[in-house]
2 protein chains.
Amino acid sequence: MDGRRSPTLEDVAARAGVSRATASRVVNGDPRVRESAREAVTAAIAELGYRPNRAARSLVVREPDSVAVLVHEPDERIFADPFFGGLLRGVGQRLAPTGLQMVLVMGDPVRDGARMERYLRGGHTDGVIVVSAHRGDGLVAALTETRLPTVFVGRPLTGADTFVYVDVDNCEGGRLAARRLVERGCHRIGTVTGPLDMAAGIDRHQGWSEELAAAGLPTDLVEVGDFTAEGGARAVRALLERAPDLDGLFVASDLMAAAAMSELVAAGRRVPEDVALVGFDASAAAGMTRPPLTTVTNPVSEMAVRATELLLRLMRREEAASEVLPTRLVPGGTA
Amino acid sequence: MDGRRSPTLEDVAARAGVSRATASRVVNGDPRVRESAREAVTAAIAELGYRPNRAARSLVVREPDSVAVLVHEPDERIFADPFFGGLLRGVGQRLAPTGLQMVLVMGDPVRDGARMERYLRGGHTDGVIVVSAHRGDGLVAALTETRLPTVFVGRPLTGADTFVYVDVDNCEGGRLAARRLVERGCHRIGTVTGPLDMAAGIDRHQGWSEELAAAGLPTDLVEVGDFTAEGGARAVRALLERAPDLDGLFVASDLMAAAAMSELVAAGRRVPEDVALVGFDASAAAGMTRPPLTTVTNPVSEMAVRATELLLRLMRREEAASEVLPTRLVPGGTA
DNA sequence: CTGTTAGCGCGTTCAC
DNA sequence: GTGAACGCGCTAACAG
């Protein structure tokens with residue numbers, strides 16, 4: 001015991017005058033140990049400042065101990081969106097009672113792809129939850145090779161049939177938004193989409209498109225956004241330029257929708273009198289505008305909980321099927 | 001090698017017809033190994049799907065491998081705030097080149113305190129970054145006992161002299177906000193504070209208070225908020241009831257300030273004509289209101305980067321001193 | 001109840 | 001260049 005080295009169970013046992021096995025029992029709460037011995041060991045632990053070595057332990061007990069949450073972060077501003085907060089909350093909540101650790105692996109797939117892949121292949125983790133994967137993401141292929149239990153939050157564009165995922169019914173959400181605008185009597189309806197290399201972007205647009213087509217309305221007023229406020233504002237400006245008579249607008253996220261609303265007002269349009277507006281996410285941002293946004297629910301935390309549940313099943317080698325959660329319209333003051 | 005069990009280095013060696021030592025050298029990129037042997041081992045690794053066992057490895061090499069980010073989550077809605085996103089981004093960014101893992105430990109200190117403490121004492125981690133600790137937090141004491149390298153983001157109320165921390169100059173921020181309102185000619189100035197069991201809440205209020213006192217104005221118009229939109233709205237209602245002649249308001253976070261603005265408008269006040277408003281954080285929420293909020297910067301990601309830097313120093317047993325980052329006023333349309 | 005013993009998977013001398 | 005042997009800290013049988 002040379003002072004530098006952090007104390008081991010052996011040191012504790014020696015100090016308490018018992019064997020290493022007994023000390024181990026005390027540490028692990030095994031009841032079959034005499035009270036006096038327990039006290040001696042407890043005291044020794046305190047005096048020595050002993051901390052069990054997790055590596056040594058897991059080497060022998062061989063239990064899964066961590067789940068990686070893989071977040072692709074192509075845009076610095078993505079964190080302005082409360083999406084990730086809700087997601088992490090959901091995962092953390094479901095993981096808490098299991099004792100599994102949540103390891104956050106973030107990075108730009110291009111810049112940090114190598115590091116992230118190395119991590120995944122390194123066997124540091126027992127399961128993976130992938131968030132907001134984009135099309136053509138090399139990491140997805142790497143993930144397949146590792147054969148690690150994996151669940152996606154948000155339908156992956158490549159391999160939706162081979163991977164398990166949890167998603168909200170984005171298509172239906174787009175339809176609900178469009179229907180609201182149609183029923184309100186709008187006939188020049190535009191949309192600001194999310195990125196079109198993500199299912200959330202594609203599906204919300206598709207639902208909107210289907211519903212308008214069904215109502216016999218044109219579906220050409222489309223601008224691509226990127227789920228950031230700046231992107232939303234830019235898209236709205238483009239839309240107004242293309243169609244000054246715009247009277248209805250579906251924006252694929254509340255963050256963009258709030259920015260869009262500011263932009264509309266700045267352009268002299270009243271919301272909802274001149275332009276009716278529907279967002280997506282039912283996030284805090286929806287309540288912060290005046291009037292509050294009409295929006296579509298996106299149960300992020302719930303998705304995260306479900307995804308984690310499915311992952312735990314996969315880790316136990318049980319069956320797990322993808323899930324699509326329902327969504328609904330939340331009436332606000334903008335449509 | 002019974003198929004169930006995941007393959008070990010031993011298996012790889014056997015399959016490649018070499019000793020375990022040689023296999024190990026290949027895995028770790030040791031140059032002194034014949035090309036033919038290297039190829040055989042590489043092939044065996046691929047065929048067997050071998051993944052090194054991290055526990056066994058770290059048992060031998062004894063290098064730090066993870067940093068815990070401890071987030072107290074007393075309120076479910078706390079994640080609506082982009083604060084945590086920015087924070088995690090900063091930590092992740094600084095940690096990326098080091099290869100250290102970021103382990104997210106979240107929970108309500110009351111409900112999950114035992115689990116969180118067990119985790120910290122469990123020696124699973126090599127350093128800790130504590131976020132938004134509240135006063136009387138039992139975890140802080142537990143942390144002291146573990147003697148784990150620890151850095152706080154946000155000055156801890158207990159033990160600011162014993163712990164290393166990084167914070168923004170909240171006091172100065174409060175002063176800047178108050179000064180803006182005073183210079184604008186407001187004379188009935190109120191504030192909605194953050195929680196008063198956190199330094200951010202206390203210090204921003206104190207700065208506001210000092211500046212008003214210096215200007216000879218009363219400092220009694222104070223309502224305590226909780227950094228949530230609902231809390232902000234509630235506080236403003238209370239303030240308006242107490243002082244219908246309110247003409248200036250400092251709200252200690254943009255999220256609350258945006259809600260406050262809605263509430264002011266709903267109460268028939270024009271912002272800034274009737275009531276001038278200053279927020280805090282310079283977050284995305286500030287740009288979403290109309291007009292955009294005048295606010296005070298809160299360099300969250302930068303704080304996180306600095307905190308991680310200091311933690312890395314502590315982990316190398318180097319000196320590290322607390323840092324307080326400057327802040328400044330961002331003019332908007334509300335004050 | 002307690003101590004003894006045998007590995008867990010891997011990196012690392014130290015011989016060859 | 002390569003292999004045999006040791007030990008990292010701990011838990012789990014098995015004796016006592």
Side-chain angles (χ1 to χ4, degrees), chain A residues 1-42 44-45 48-66 99 121-126, chain B residues 1-42 44-45 48-65 99 118 121-126:
Chain A
M1 238 214 90
D2 73 69
R4 285 326 268 152
R5 188 167 62 43
S6 74
T8 76
L9 198 53
E10 187 78 54
D11 301 324
V12 171
R15 174 130 190 169
V18 299
S19 80
R20 210 176 57 222
T22 300
S24 171
R25 290 186 187 107
V26 172
V27 170
N28 295 302
D30 189 316
R32 352 173 275 222
V33 48
R34 211 191 327 154
E35 192 52 35
S36 65
R38 179 180 309 283
E39 283 167 12
V41 172
T42 310
I45 288 176
L48 262 36
Y50 165 76
R51 290 188 298 135
N53 180 318
R54 178 177 182 75
R57 175 192 212 118
S58 74
L59 186 54
V60 40
V61 288
R62 204 181 313 287
E63 275 176 341
D65 72 353
S66 75
R121 312 187 83 101
H124 307 292
T125 195
D126 307 288
Chain B
M1 236 212 92
D2 73 72
R4 290 317 276 153
R5 187 165 66 38
S6 73
T8 76
L9 196 55
E10 186 78 54
D11 302 324
V12 172
R15 175 134 191 167
V18 300
S19 81
R20 212 181 59 220
T22 300
S24 169
R25 290 187 186 106
V26 172
V27 170
N28 296 302
D30 188 316
R32 349 174 282 226
V33 47
R34 210 189 328 154
E35 192 53 36
S36 65
R38 180 182 307 282
E39 282 166 12
V41 172
T42 310
I45 288 176
L48 264 34
Y50 166 77
R51 292 188 295 135
N53 180 318
R54 164 164 258 258
R57 177 190 212 117
S58 74
L59 189 55
V60 174
V61 292
R62 205 177 303 292
E63 274 178 342
D65 71 355
R118 196 175 338 116
R121 311 190 83 101
H124 307 211
T125 195
D126 307 288

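Every heavy atom of this structure was used, including side-chain atoms; hydrogens, water molecules and symmetry mates were not.
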Value in whole Å for how far the P atom of C:dT2 lies from CG of A:Leu9: 15 Å
Nearest-0.5 Å distance, CD of residue B:Glu10 to OG of residue B:Ser24: 11.5 Å
Qualifying residues under side chain to side chain donor-acceptor pair (under 3.5 Å), relative to B:Asp30, sequence neighbours excluded: none
Touch class at under 4.0 angstrom, heavy-atom based, for B:Leu59 against every strand present: base
Helical bend (five base pairs per end, nearest 10°) for the helix from C:dC1-D:dG16 to C:dC16-D:dG1: 30°
Candidate pair B:Arg57 and B:Asn28, rule side-chain contact (heavy atoms from CB on, under 4.5 Å), full reasoning: CA-CA 11 Å; B:Arg57 177 190 212 117; B:Asn28 296 302; 2.5 Å; yes
Spacing of A:Glu10 atom CD relative to D:dC10 atom P, expressed in whole Å: 9 Å
Shortest non-hydrogen contact from A:Thr8 toward A:Tyr50: C-CE1, 3.5 Å
DNA chain C-proximal residues of residues 14-26 of chain A, any heavy atom under 4.0 Å: A:Val18, A:Ser19, A:Arg20, A:Ala21, A:Thr22, A:Arg25
Under the side chain to side chain contact (heavy atoms under 4.5 Å, CB included) test, residues paired with B:Ala40 that sit two or more places apart: B:Ala16
Minimal non-hydrogen separation, B:Leu9 against B:Ala23, with atom names: CD1-CB, 3.8 Å
Heavy-atom side-chain contact between A:Val26 and A:Val18 under 4.5 Å: no
Contact under 4.0 Å: B:Asn53 side-chain N or O vs C:dC8 OP1/OP2: no
Side chains of A:Ser66 and A:Asp126 in contact at under 4.5 Å (non-hydrogen atoms): yes
Those residues that, when tested against A:Arg38, pass side chain to side chain donor-acceptor pair (under 3.5 Å) (two or more places apart): none
Those residues of residues 31-40 of chain A lying under 4.0 Å from DNA chain C by at least one heavy atom: A:Arg32, A:Val33, A:Arg34, A:Ala37
Euclidean distance, atom CG of residue A:Asp30 to atom C1' of D:dT11 [Å, nearest integer]: 11 Å
Partner set under salt bridge (Lys or Arg N to Asp or Glu O under 4.0 Å) for A:Arg25, not counting sequence neighbours: none
Residues which pass salt bridge (Lys or Arg N to Asp or Glu O under 4.0 Å) with A:Glu39, listed by chain and number, not counting sequence neighbours: none
